[in-house]
Amino acid sequence: MIDFASMEEAHALPLYAKRGIVLVRGENARVWDQGGRCYIDCVAGHGTANLGHCHPAVVEAVRQQAGRLISCSNTFYSDARALFLERLAGAAPPGLGRAFLCNSGAEAVEAALKLARFTTGRTRFVCARQAFHGRTLGALSATHNPLYRDGFGPLVEGFTFVPFNDLQAAEAAVTEETAGVLLEVVQGEGGVHVADGEVLTGVAALCRERGALLLIDEVQTGFCRTGRLFAFERFGLEPDLVCLAKSIAGGLPMGAVLCSSAIRAQPNKHGTTFGGNPLCCAAASASLGVMVETRLWEQAERKGERLMTRLGAIRGPRVRQVRGLGLMVGVELREKVRPYLDRLAAEGVLALPAGPNVLRLLPPLTIEEDDLGRVAEAVERVLG
Ligand SMILES: *Cc1c(COP(=O)(O)O)cnc(C)c1O
């Protein structure tokens with residue numbers, strides 16, 4: 001067998017803590033390694049495969065578009081781009097009818113920060129502790145964890161961090177200089193912390209009162225993960241701008257910023273070469289089409305409740321708390337999570353961490369009920 005692991009080790013920068021499994025194939029919630037071993041995949045490409053691996057509608061859309069047109073400068077119109085933009089605007093709540101298309105979550109956050117400064121003429125941002133918004137310098141400046149920030153300063157100026165779910169702290173931090181408040185509805189990388197609805201609506205009111213924009217990062221929570229197409233819909237929020245990526249395009253690299261009419265933009269102030277390319281737009285159209293047709297958010301809601309009920313019943317000294325929203329589930333442990341990820345993999349289940357001591361499960365929302373049951377059994381065996 002070819003040693004692909006060593007090949008990667010030899011030629012890739014050592015930026016990731018690797019898991020020692022070489023994946024070669026995927027179908028819905030299952031992936032296979034080089035030796036033919038099957039795993040139930042609750043990593044799902046780090047949350048990019050809400051619709052499962054290689055969904056037939058996405059595969060077919062990519063196949064067709066790849067044979068027709070792959071590249072198209074944003075200075076020209078494109079049929080595939082127009083159709084996706086229309087579908088996205090149609091699926092989003094009213095008032096978010098325009099978008100900027102890019103290639104990743106960090107790029108969506110960068111665009112959000114630039115558009116907020118450009119729109120308001122203000123420079124400052126309020127973000128949450130434990131927030132994760134990406135690795136580029138702007139997105140990193142909005143990210144709280146020193147693990148990601150240290151060694152890269154000076155970062156972008158003007159960012160203030162307040163405790164998550166603390167309205168009083170937000171009231172003290174949002175001023176006439178605040179361009180925007182940037183928040184995740186469920187903090188993903190920060191440990192699967194769910195926002196309090198009253199705090200969110202309080203922050204939204206605060207933004208309106210002080211002329212700051214409400215910027216919601218749905219890169220991980222978006223596209224049905226939390227039981228709605230977008231998590232902010234659960235709380236009746238009307239954000240000025242929403243950052244999207246991860247599961248937007250059936251696993252292909254894409255990001256987007258959904259904008260209300262409050263957001264100002266004009267030629268030459270922002271852009272990207274690959275953003276909105278026909279290939280990713282075709283994949284995204286196909287993916288969103290399936291999500292809306294099958295009301296995929298309902299599956300996330302139902303399966304998430306089932307999984308959390310089962311995991312919540314685990315007794316023993318290891319588990320501190322089970323929490324989440326929809327099928328975005330975190331199990332906080334009283335000890336380090338790493339060894340348990342390896343034990344779960346040995347049981348045939350791939351899961352990911354969210355910080356040092358939270359086990360995170362992000363299965364495809366299309367996961368078979370039986371497979372979800374197997375995931376619960378494996379976690380029970382390993383943690384119980
Ligand atoms: C993953 C993530 C990002 C960054 O996305 P990339 O595509 O890795 O740049 C930003 N915000 C949130 C909430 C994320 O989960």
Side-chain angles (χ1 to χ4, degrees), residues 13 15-17 42-50 100-116 125 127-145 147-149 152 155-156 159 161 164 180-195 200 214-226 228-232 237 239 241-258 272 274-277 280 283-284 287 324-330 351-355 358 360-363:
L13 285 183
L15 290 169
Y16 302 94
C42 299
V43 177
H46 228 101
T48 62
N50 285 4
F100 165 71
L101 300 179
C102 52
N103 310 285
S104 70
E107 271 187 63
V109 170
E110 291 296 326
L113 299 174
K114 282 181 70 180
L115 290 168
F125 294 94
C127 305
R129 291 201 190 144
Q130 302 148 347
F132 181 87
H133 298 291
R135 312 285 194 154
T136 53
L137 283 172
L140 188 60
S141 305
T143 293
H144 184 249
N145 191 340
L147 187 67
Y148 307 130
R149 294 169 65 98
F152 301 108
L155 296 180
V156 179
F159 288 78
F161 293 92
F164 195 55
V181 177
L182 175 61
L183 288 174
E184 296 158 270
V185 177
V186 184
Q187 292 185 321
E189 304 307 308
V192 191
H193 298 283
V194 183
L200 284 179
L214 180 62
L215 317 170
I216 297 291
D217 182 345
E218 292 257 4
V219 168
Q220 192 160 147
T221 49
F223 296 101
C224 310
R225 172 60 59 188
T226 69
R228 298 288 187 280
L229 183 59
F230 303 120
F232 74 81
L237 296 182
L241 183 155
V242 182
C243 298
L244 303 172
K246 290 202 165 93
S247 272
I248 189 173
L252 274 79
M254 187 180 210
V257 182
L258 278 176
T272 159
F274 281 122
N277 69 79
C280 291
S287 171
L325 197 63
L327 209 36
M328 181 168 181
V329 176
L352 67 169
V358 176
R360 180 171 35 152
L361 300 166
L362 295 176

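Just so it is clear, the structure is predicted and the values come from calculations on it, not from any experiment. The chain is numbered in sequence order, starting from 1. Order of appearance sets the numbers: ligands from 1, and atoms from 1 within every ligand.
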Expected output: side-chain [X] to main-chain [Y] donor-acceptor under 3.5 Å:
X: R149; Y: T143; result: yes
X: S247; Y: N50; result: yes
X: D217; Y: H133; result: no

Give a yes or no on whether atom 8 (O) of ligand 1 lies under 4.0 Å from any heavy atom of the protein.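 There is no protein heavy atom less than 4.0 Å from atom 8 (O) of ligand 1.
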E184, portion touching ligand 1 at heavy-atom distance under 4.0 Å: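 Only the side chain of E184 comes within reach of ligand 1.
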Short list, please: which atoms of ligand 1 are under 4.0 Å from a heavy atom of S104?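 Near S104, meaning under 4.0 Å from one of its heavy atoms, ligand 1 has 7 (O), 9 (O).
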State the atoms of ligand 1, each with its element, that fall below the 4.0 Å cut-off from a heavy-atom position in Q220.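 Once the distances to Q220 are compared, the set is 15 (O).
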Would you say ligand 1 has an N or O under 3.5 Å from any N or O of [X]?
X: E107; result: no
X: A106; result: yes
X: E189; result: no
X: G105; result: yes

Return the closest protein heavy atom for atom 11 (N) of ligand 1 as residue, atom name and distance.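 In this structure, atom 11 (N) of ligand 1 has D217 OD2, 2.7 Å as its nearest protein heavy atom.
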Identity and separation of the nearest protein heavy atom to atom 14 (C) of ligand 1: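 So the nearest neighbour among protein heavy atoms is K246 NZ, 3.0 Å.
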Quick check on side chain to side chain contact (heavy atoms under 4.5 Å, CB included): which of L361, V186, V329 does V192 satisfy it with?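 When side chain to side chain contact (heavy atoms under 4.5 Å, CB included) is applied between V192 and each of L361, V186, V329, only V186 qualifies.
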Given E189, Q187, R225, the one that forms side chain to side chain donor-acceptor pair (under 3.5 Å) with Q220: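 Answer after filtering E189, Q187, R225: E189.
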